[in-house]
Amino acid sequence: MQPIAALPPSGQRVHARCDLLGRAPYSDDADGLFRPYLGAGYRATLDRIAGWMSDAGMSVRVDAIGNVVGRYEGTAPDAPSLLIGSHVDSVRHGGRYDGMLGVILGVEVVAAFAREGRRFPFALEVIGFGDEEGSRFPAAMLTSRTVAGVRDGFDLSMVDGEGISLAEALAEFGLDLAAIDEARIAPGHVLAYVEAHIEQGPVLEAEDRAVGVVSAIAAQHRYHVTMQGMAGHAGTISMPLRRDALAAAAEAIGAVERIGRAGPADLVATVGRLEVRPGAANVVPGDVMFTIDVRAGTNAVRDAAAGEILSEIREIAARRDIVPGIALQQDLDATPCDAHLTDLMEQAVTDVTGAPARVLVSGAGHDAMVMAHLVPVSMLFIRCEKGISHNPAEAVSTADVEVALRTLTDFVCLFERRS
Ligand code: HGY
Ligand code: MN
Ligand code: MN
């Protein structure tokens with residue numbers, strides 16, 4: 001293959017760039033991709049993306065919360081923008097396309113128009129959000145929340161796995177804690193937000209479609225649960241006298257799965273993280289922490305399941321003389337995409353593929369849920385192999401990326417004509 005720099009704006013170049021960013025020095029892990037917000041890999045990645053944005057004819061800045069933002073001017077100076085973006089961070093042992101594909105596609109859309117010398121009555125901006133996954137700090141979507149002005153649950157003192165606070169990480173990255181709110185987008189500055197993202201599910205592959213259009217994004221709650229019992233000698237504490245935190249958590253985790261399974265098809269409930277202390281084979285566990293992620297197509301289904309889960313946790317704790325601690329860390333409402341933008345995106349898919357667009361709900365969360373507090377949003381899904389994501393095996397085809405690129409450029413032209 002030609003060197004990436006020599007490639008014209010294309011799905012092939014987008015694919016190659018995402019692959020390049022999937023390894024050192026753009027990851028904090030030597031084996032596999034882990035790009036936590038404000039880490040060393042994150043900084044190297046922002047520098048690389050800034051170079052590509054600049055090559056595409058954009059002015060580039062890193063905003064006050066650490067997002068990278070490129071701007072391609074419209075025909076009038078200081079015109080409001082159509083914002084295209086997704087997230088730059090990744091989960092641990094993540095895939096190369098989750099988030100990054102939407103950012104690099106945005107850069108490529110601008111590069112394609114700049115190559116033709118085409119400009120619009122609006123500016124085109126591309127944003128790489130720094131923290132969508134919440135893979136470094138307990139809360140997630142910190143940077144889109146800041147941009148959208150919905151910073152609830154934003155605690156500068158919260159710490160990562162090494163005990164580094166968000167405040168320290170921001171300062172170490174060179175950001176001014178007093179200026180964070182300058183990242184907030186002023187009303188009227190952005191006309192709409194568009195996010196292209198891998199589907200992270202099986203539908204498009206099952207129906208042999210390269211792309212699909214998102215109608216809505218599922219509601220989610222994320223909880224941090226602690227269970228405090230009493231550590232003790234595994235050989236001397238009789239079973240009736242134990243306050244075994246892990247046995248209590250195991251019963252609670254079983255309840256999470258049972259309640260999730262018993263609900264409607266769009267309800268999912270997951271325990272993704274479990275920490276046991278002191279974690280020795282000959283010690284009755286005294287303290288346990290686990291996370292609960294509950295999602296559904298509507299707030300009502302999410303809330304009913306979450307309520308049932310929490311009351312069962314409290315009953316288990318009371319019966320076992322365990323002290324429970326339950327903290328809600330992520331509270332995202334079900335988010336419909338804008339109807340007009342969705343129509344335009346469906347038209348763009350049809351223009352490019354010749355077929356009516358497949359419209360589907362996203363079970364995965366996205367920065368678009370937060371940006372919907374600020375502006376109308378639209379999402380384009382791209383098929384990913386076997387629906388695999390949050391996994392190094394995550395894969396997309398160059399042909400599908402090319403279809404996504406052409407769909408997004410067509411969307412921009414439709415947005416100009418019909419908005
Ligand atoms: O958890 C999610 O849905 C997203 O991948 N952060
Ligand atoms: Mn993800
Ligand atoms: Mn994502």
Side-chain angles (χ1 to χ4, degrees), residues 18 21-22 27 32-37 42 45 67 84-106 127-145 153 193-204 212 214 216-224 260 266-273 291-297 302 306 328-335 337 360-372 377-385 387-396 401 404:
C18 289
L21 295 176
S27 168
L33 176 58
F34 179 40
R35 187 169 35 241
Y37 176 43
Y42 179 86
T45 302
N67 302 312
I84 304 171
S86 193
H87 60 94
V88 170
D89 66 325
S90 84
V91 294
R92 196 179 286 277
H93 302 307
R96 298 189 295 264
Y97 310 102
D98 176 4
M100 190 55 76
L101 182 59
V103 179
I104 306 301
L105 272 168
I127 191 165
F129 285 115
D131 170 74
E132 186 275 340
E133 299 286 5
S135 56
R136 178 172 181 181
F137 296 101
M141 304 216 191
L142 292 174
T143 54
S144 50
R145 288 177 188 279
Y193 172 74
V194 172
E195 182 164 0
H197 199 288
I198 51 171
E199 179 201 343
Q200 300 175 301
V203 172
L204 294 178
V214 176
I217 306 167
Q220 56 172 279
H221 271 173
R222 190 181 293 187
Y223 295 92
H224 183 277
D266 63 305
L267 173 66
V268 286
T270 312
V271 174
R273 234 176 95 203
T291 57
I292 303 176
D293 178 311
V294 184
R295 306 190 194 197
R302 173 202 64 189
L328 175 61
Q329 276 182 338
Q330 179 121 300
D331 177 2
L332 291 166
D333 286 346
T335 305
C337 292
L360 60 169
V361 172
S362 172
H366 302 285
D367 288 303
M369 302 173 89
V370 175
M371 292 303 286
V377 303
S378 176
M379 281 198 74
L380 178 71
F381 265 175
I382 297 113
R383 167 170 47 188
C384 61
E385 215 169 284
I388 295 171
S389 182
H390 286 189
N391 181 314
E394 190 179 273
V396 293
V401 176

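What you see below is based on every heavy atom in this structure, not just the backbone, and it leaves out hydrogens, waters and symmetry mates. Counting starts at 1 for both ligands and their atoms, following the listed order.
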- Write the atom name of the N, O or S atom in D98 that is nearest the Mn ion (ligand 3).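 Nearest to the Mn ion (ligand 3) within D98's N, O and S set: OD1.
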
- Message: What is the name of the N/O/S atom of H87 that is nearest to the Mn ion (ligand 3)?
- Response: NE2

- Message: Looking at ligand 1, would H390 count as a contact under a 4.0 Å heavy-atom criterion?
- Response: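 H390 counts as a contact of ligand 1 under the 4.0 Å cut-off.
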
- Query: What do you reckon, does R295 put a non-hydrogen atom under 4.0 Å from ligand 1?
  - Reply: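 Judged by the 4.0 Å heavy-atom criterion, R295 does count as contacting ligand 1.
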
Could you tell me whether the side chain of [X] and the main chain of [Y] form a donor-acceptor pair under 3.5 Å?
X: T335; Y: D333; result: yes
X: D131; Y: M141; result: yes
X: Y193; Y: A372; result: no

- Item | Steps toward side chain to side chain contact (heavy atoms under 4.5 Å, CB included) verdict (M371, E195) | CA-CA 10 Å; M371 292 303 286; E195 182 164 0; over 6 Å; no

- Report yes if some N/O of Q200 lies less than 3.5 Å from some N/O of ligand 1; otherwise report no.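 Looking only at distances, the answer is no, because the N/O contact criterion of under 3.5 Å is not met.
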
- Message: Looking at the Mn ion (ligand 3), is there an N, O or S atom belonging to H366 that lies under 2.8 Å away from it?
- Response: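 Given the 2.8 Å cut-off, H366 does not count as a ligand of the Mn ion (ligand 3).
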
- Query: Mind checking whether the Mn ion (ligand 3) has an N, O or S of E133 under 2.8 Å?
  - Reply: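 Not a single backbone or side-chain N, O or S atom of E133 is under 2.8 Å from the Mn ion (ligand 3).
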
- Task: May I have the step-by-step check of side chain to side chain contact (heavy atoms under 4.5 Å, CB included) for L380 and V194, ending in yes or no?
- Result: CA-CA 8 Å; L380 178 71; V194 172; 5.8 Å; no

- Report, in ascending order of atom number, the atoms of ligand 1 lying under 4.0 Å from any heavy atom of G365. 2 (C), 3 (O), 4 (C)

- Query: Should you measure from each heavy atom of A364, which atoms of ligand 1 turn up under 4.0 Å away?
  - Reply: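 Counting from 1, the qualifying ligand atoms are 3 (O).
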
- Query: Are H87 and H197 near enough that their ring centres are under 6.0 Å apart?
  - Reply: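 Ring centres of H197 and H87 closer than 6.0 Å.
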
- Quick check: does E132 have an N/O/S atom under 2.8 Å of the Mn ion (ligand 2)? no

- Task: Step by step, work out the salt bridge (Lys or Arg N to Asp or Glu O under 4.0 Å) result for D266 and R302.
- Result: CA-CA 9 Å; D266 63 305; R302 173 202 64 189; over 6 Å; no

- Closest by any non-hydrogen atom to atom 6 (N) of ligand 1: pick that one out of H87, E132, R222. E132

- Message: Can you confirm whether D367 sits close enough to I127 that some side-chain heavy atom of one is under 4.5 Å from a side-chain heavy atom of the other?
- Response: no

